[in-house]
Protein chains: 2
Amino acid sequence: MDINKKSALQEKDGVSKPETTSSFSAEIIKKNRTKRNSTEEFIAKIIAGNITFLSKAITLVESTNSKHQEKANKILEACLPFANKSIRIGITGVPGVGKSTFIEAFGKHLTAQGKKVAVLAVDPSSSVNKGSILGDKTRMEQLVTDKNAFIRPSPSGTSLGGVAQKTRESIILCEAAGFDTILIETVGVGQSETLVHSMVDFFLLLKLAGAGDELQGIKRGIIEMADAIVINKADGENEKNAKIAKVEFNRALHLYPLKESNWQPKVLTASALHHFNIDKIDAMINRYFNLTKENNYFNQKRNEQNKFWLLSTIEQQLKDNFYQNPKIKIALQEEILNLKNKKTTPFNAAKRLLNL
Amino acid sequence: MDINKKSALQEKDGVSKPETTSSFSAEIIKKNRTKRNSTEEFIAKIIAGNITFLSKAITLVESTNSKHQEKANKILEACLPFANKSIRIGITGVPGVGKSTFIEAFGKHLTAQGKKVAVLAVDPSSSVNKGSILGDKTRMEQLVTDKNAFIRPSPSGTSLGGVAQKTRESIILCEAAGFDTILIETVGVGQSETLVHSMVDFFLLLKLAGAGDELQGIKRGIIEMADAIVINKADGENEKNAKIAKVEFNRALHLYPLKESNWQPKVLTASALHHFNIDKIDAMINRYFNLTKENNYFNQKRNEQNKFWLLSTIEQQLKDNFYQNPKIKIALQEEILNLKNKKTTPFNAAKRLLNL
């Protein structure tokens with residue numbers, strides 16, 4: 001198509017043609033589009049805090065293309081010495097608890113102090129079709145336009161572990177780009193919290209007053225993982241209930257043994273909508289980091305988390321390699337049929353498959 | 001040693017020598033002790049309901065010796081067509097809830113009807129040193145002497161999955177030996193309930209009235225898995241609290257969506273000590289089996305369980321093979337050090353290890 005031909009963009013006489021409509025500019029754009037940025041360029045730009053390159057690198061991390069992954073791995077290893085300088089905070093809670101409002105209020109509170117905040121997500125419901133928690137950025141209107149904030153929706157993927165891996169790698173890139181506070185959002189209804197818990201330093205659980213655990217769909221294990229429980233929407237007529245809930249959660253938390261971090265989990269009420277107690281939450285989190293950096297739990301936990309991710313990546317890959325083998329695929333179906341017909345036990349069938 | 005020489009056993013004149021003290025008998029005993037029973041003998045005896053051979057076969061299943069395992073596998077596959085005719089009931093609850101007393105009362109109730117009851121256990125705390133739930137058989141005095149009951153303590157093992165696998169194989173042997181009701185006990189404090197849930201048709205949770213979930217240490221997920229909750233020790237001054245707890249649990253259970261089995265989980269009070277409501281529990285369980293055998297959920301669930309065990313056995317073995325490789329062992333330690341020194345990411349380290 002000849003872009004110099006009369007088109008809607010050129011109907012008005014006396015208006016100079018926009019630069020991009022000239023064939024010359026079009027050529028340059030085309031060239032730039034196809035030209036791959038070099039790995040070195042990526043690394044330099046990310047470390048310099050360039051948000052465009054940070055975004056592009058995360059796209060490489062999220063890509064399923066093996067060439068992209070190879071490049072992403074090189075960038076990641078080069079960024080590593082510049083990462084690890086931030087604090088990582090996981091935020092969970094069921095839909096409706098006010099996660100987006102809380103993150104916006106908390107994020108603005110941090111950027112007002114000159115901090116740089118990156119918001120990532122691990123959303124198991126996220127996929128190309130379903131959309132993701134942070135996909136609807138309009139929910140964080142103020143934070144989205146804040147130059148000291150970087151918001152990235154959850155990567156999509158077929159396995160939760162895969163989604164979480166991508167988010168974990170994105171953390172490294174954000175940290176290398178100078179973000180000192182990483183907020184990782186997840187929905188507190190599945191196994192995603194366990195994975196998020198294994199990539200953050202501090203785990204914050206948002207709750208509502210008045211709703212039983214059954215209604216909130218939060219699994220008990222999540223309460224055990226929490227370093228703090230924030231009872232959100234503690235405003236108006238909810239305030240009294242929030243205070244009662246605070247007492248109850250405090251009592252419940254005291255039944256658990258003291259954490260390895262030596263930190264006694266805290267319960268606070270807050271209203272993210274009215275910015276009530278956001279400062280207290282920030283102060284509380286700071287106390288946690290002072291404590292755990294002093295007693296070295298901070299480093300110790302990060303080392304353990306790295307080991308966890310090393311082992312879980314290996315194990316996922318071992319499974320993938322096995323089940324994707326065409327011979328195994330056929331034999332597996334046969335053994336499942338044998339099981340159905342009571343011709344073998346699961347353990348003997350497994351043995352035969354592994355001997356292939 | 002010449003056993004015909006004067007010994008304490010032969011001091012009294014006029015008393016004929018016990019048969020076993022003759023050198024001839026001693027030889028026979030010695031021979032029998034060293035002679036291995038053939039696989040065919042095992043199979044025939046188990047199917048004939050011989051308890052001694054059932055016990056011996058379970059010992060083979062539990063052995064870590066590869067020859068024993070090979071023999072166990074042959075016996076298992078041969079027993080399979082004779083198994084699968086029983087009902088399998090999982091019973092869980094924290095220590096102190098009265099599991100042993102309940103199993104004794106329930107077991108006696110079943111054997112009084114002419115049923116044959118096998119009691120097995122999956123106890124994660126069990127090991128050679130620590131002993132196991134059913135190790136203390138004195139807790140089931142009546143059932144232990146009942147010729148229609150077979151009680152076997154939890155196998156010991158280093159991995160919970162391994163312990164559970166052995167119990168699952170023992171189920172097949174018990175069923176082939178004619179036991180029509182298999183009770184599988186586990187402590188409701190860890191991951192063992194999930195594994196027990198995956199090997200039984202019906203899952204019963206024992207609770208106490210008056211103690212909150214926190215105090216009872218039961219994870220919420222277990223309540224979701226339960227087909228029935230029995231509030232035990234509903235006697236004396238506890239009776240009123242038990243009734244209140246029943247209402248509360250009924251309310252909580254109704255919050256969950258209807259199970260795939262189309263069965264609405266039931267809540268009953270009982271006193272195992274006073275045999276109160278044991279008959280009602282039996283009747284309720286019978287209703288469950290009538291329903292699920294009619295709507296084919298029973299078979300469907302067993303097929304799914306077989307598939308679950310097939311896949312989890314494969315995956316455990318893949319991990320074992322990988323990590324036990326001497327080259328991997330060394331390289332893994334190196335990569336863990338690299339992680340510590342921030343020289344690599346968990347994902348790149350995993351990739352290098354897998355490429356070995």
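Labels below follow one simple rule: chain letters A, B, ... track the order of the sequence lines, proteins then strands, and each chain is numbered from 1.
- For B/Lys307, the NZ atom is loosely surrounded, since the number of other residues' heavy atoms within 6.0 Å does not exceed 12.
- Proximity to chain B (any heavy atom under 4.5 Å) is restricted, for A/Lys343, to the backbone atoms N, CA, C and O.
- Between A/Lys301 and A/Thr292, every side-chain heavy-atom pair lies at or beyond the 4.5 Å cut-off.
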**Q.** salt bridge (Lys or Arg N to Asp or Glu O under 4.0 Å) assessment of B/Lys351 paired with A/Glu77
**A.** CA-CA 13 Å; B/Lys351 210 174 166 187; A/Glu77 278 196 338; over 6 Å; no

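- Residue A/Phe308: no heavy atom, backbone or side chain, is found under 4.5 Å from chain B.
- Both the backbone and the side chain of B/Leu339 come within contact range of chain A, with heavy atoms under 4.5 Å apart.
- Distance check: B/Ser63 OG to B/Glu70 CD gives 12.0 Å after rounding to the nearest 0.5 Å.
- Counting heavy-atom pairs under 4.5 Å between each of A/Glu315, A/Lys342, A/Glu335, A/Lys340 and chain B puts A/Glu315 at the top.
- Both the backbone and the side chain of B/Asn306 come within less than 4.5 Å of a heavy atom of chain A.
- Between atom CD of residue B/Glu248 and atom CD1 of residue B/Ile231 there is a gap of 9.0 Å, rounded to the nearest 0.5 Å.
- Note: A/Asn303 leads A/Asn303, A/Leu76, A/Leu353 in heavy-atom pairs under 4.5 Å with chain B.
- Residue contact with chain B, scored on non-hydrogen atoms closer than 4.5 Å, involves the side chain of A/Ile172 exclusively.
- The closest donor-acceptor contact from the side chain of B/Thr39 to the backbone of B/Lys71 lies at 3.5 Å or more, if one exists at all.
- Contact count versus chain A (heavy atoms, under 4.5 Å) is highest, among B/Leu311, B/Thr313, B/Asn348, for B/Asn348.
- When each of A/Gln305, A/Arg88, A/Arg302 is checked for a side chain to side chain donor-acceptor pair (under 3.5 Å) with A/Asp201, only A/Arg302 meets the rule.
- If you measure heavy-atom distances from A/Asn73 to chain B, the contacts under 4.5 Å come from both the backbone and the side chain.
- Residue contact with chain B, scored on non-hydrogen atoms closer than 4.5 Å, involves the backbone and the side chain of A/Leu318 alike.
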